[in-house]
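Read the structure below first, then the notes.
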There are 2 protein chains.
Amino acid sequence: MRHVVETTPLSEPVFFVLASLSRAPRHGYALMKDIQTLSEGRVRLSTGTLYGVLRRLLEDQWIERFDTGDTARDKQSYRITATGSEALRQESIRLNQLARIALPLIGPQEA
Amino acid sequence: MRHVVETTPLSEPVFFVLASLSRAPRHGYALMKDIQTLSEGRVRLSTGTLYGVLRRLLEDQWIERFDTGDTARDKQSYRITATGSEALRQESIRLNQLARIALPLIGPQEA
DNA sequence: CGCAACATGTCGGTATGCGACATGTCGTCG
DNA sequence: CGACGACATGTCGCATACCGACATGTTGCG
């Protein structure tokens, strides 16, 4: 019997952290910046939110720390794990379901 | 200058309640059933969640009670308001943004 | 008669978002 | 040199929300 992955919706902060790390590994501050860009300015995480999310994602091993051999700043970074990628993939499916459900409700206008 | 609508993400329960009422007015129990159908079995709201959501939506006037002249059962129902519709429309836009962001991250497979 | 589905609600534990606060470094401009 | 803004990481506490468990009553059917 198939083990269906626990699919509680991801919060917006969690989604964006995973999405950003899925593009490239980054440290916390860089995440804040990239998420602003990625969301076209809509989402700005406070540090309270960000570091709380990072702690939980580390605990669940959806992301991991790693050491870029880089100079000084930017040495410690976070990277998404296979588990995290899978969660993001599941979320993407859910998001598409919701978008599909929502579309007909908003009338014809809106691209 | 434009007053940009406060656009905190809707939770999944809130989204589905609005989406369901957007198709037709319903009472609480009918909502639970319709949301199961609408979500293709994925979402099952507990009564604790449902009635909490309904109370808040009423307070914010995103939905309202009204009396169908109907017989006995099913008289009291909830109906979405213009404010609620607008919120749902905003959410739909957000959802499409997220879906668009998530899609390229999950690889080519997946319809 | 009894049971399942219908129908509505409360309560409490737990988690989370997030603003405010705290701390320190680096680079640059006057 | 001094100061300031961006870089960088974190904690604390409040408010809110989800949701399982519990409580209650009704309707219809076998």
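Just so it is clear, the model here is predicted, and its values are computed rather than measured. Chain identifiers are assigned alphabetically (A, B, ...) following the order of the sequence lines, protein sequences preceding nucleic acid strands; residue numbering begins at 1 within each chain.
At whole-Å resolution of the value, OH in A/Tyr29 and C1' in C/dC26 are 12 Å apart. Protein atom CG of A/Leu10 is 15 Å distant from nucleotide atom C1' of C/dA15, rounded to whole Å. Taking atom NE2 of B/His27 as the reference point, atom C1' of D/dT26 lies 13 Å away to the nearest angstrom. Between B/Ile35 atom CD1 and D/dC19 atom P there is a gap of 12 Å when expressed in whole angstrom units. Per the geometry, CG belonging to A/Leu31 stands 11 Å off P belonging to D/dA8, to the nearest Å.
Under the 4.5 Å side-chain criterion, counting only non-hydrogen atoms from C-beta, B/Glu12 is in contact with A/Leu98. Side-chain contact check for B/Thr37 versus B/Lys33: every heavy-atom pair is 4.5 Å or farther apart. Side-chain contact between B/Tyr78 and B/Glu64: absent, with no pair of heavy atoms (C-beta onward) separated by less than 4.5 Å.
The stretch residues 37-62 of chain B touches DNA chain C through B/Thr47, B/Gly48, B/Tyr51, each having a heavy atom within less than 4.0 Å of the strand. Looking at residues 16-26 of chain B, you'll see that no heavy atom sits under 4.0 Å from any atom of DNA chain D.
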Going by atom type alone, with no hydrogens or angles, which donor-acceptor pairs under 3.5 Å involve a side-chain atom of residues 13-25 of chain A and a protein atom two or more places apart or on another chain?
| unit_1 | atom_1 | unit_2 | atom_2 | d |
| --- | --- | --- | --- | --- |
| A/Ser20 | OG | A/Arg26 | NE | 3.0 |
| A/Ser20 | OG | A/Asp34 | OD2 | 2.6 |
| A/Arg23 | NH2 | A/Asp34 | OD1 | 2.9 |

Enumerate donor-acceptor pairs with a distance under 3.5 Å from any side-chain N or O in residues 49-58 of chain A to protein atoms, sequence neighbours excluded.
| unit_1 | atom_1 | unit_2 | atom_2 | d |
| --- | --- | --- | --- | --- |
| A/Thr49 | OG1 | A/Ser46 | OG | 3.2 |
| A/Arg55 | NH1 | A/Glu59 | OE2 | 3.3 |

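Projected onto DNA chain C by closest heavy-atom contact, B/Tyr78 and A/Glu12 fall at different nucleotides, the more 5' of which corresponds to B/Tyr78. Nearer the 5' end of DNA chain C, as judged by each residue's closest nucleotide, is the contact made by B/Gly28, out of A/Val14 and B/Gly28.
For C/dC6, one of the phosphate oxygens OP1 or OP2 lies less than 4.0 angstrom from a side-chain nitrogen or oxygen of B/Lys33. A/Ser11 has a side-chain polar atom (N or O) that falls below the 4.0 Å cut-off from OP1 or OP2 of C/dG17.
Panel note: side chain B/Ser85, backbone B/Thr81; a donor-acceptor pair is recorded below 3.5 Å. Judged by distance alone, the side chain of A/Gln97 and the main-chain N or O of B/Ser39 form a donor-acceptor pair under 3.5 Å.
B/Gln36 meets the side-chain hydrogen bond (donor to acceptor under 3.5 Å, both in side chains) test with B/Arg44; sequence neighbours excluded. Checked against side-chain hydrogen bond (donor to acceptor under 3.5 Å, both in side chains), A/Glu91 has the following partners two or more places apart in sequence or in another chain: A/Arg94.
The side chain of A/Pro13 lies closest to C/dG17, out of C/dG17, C/dT8, C/dC6.
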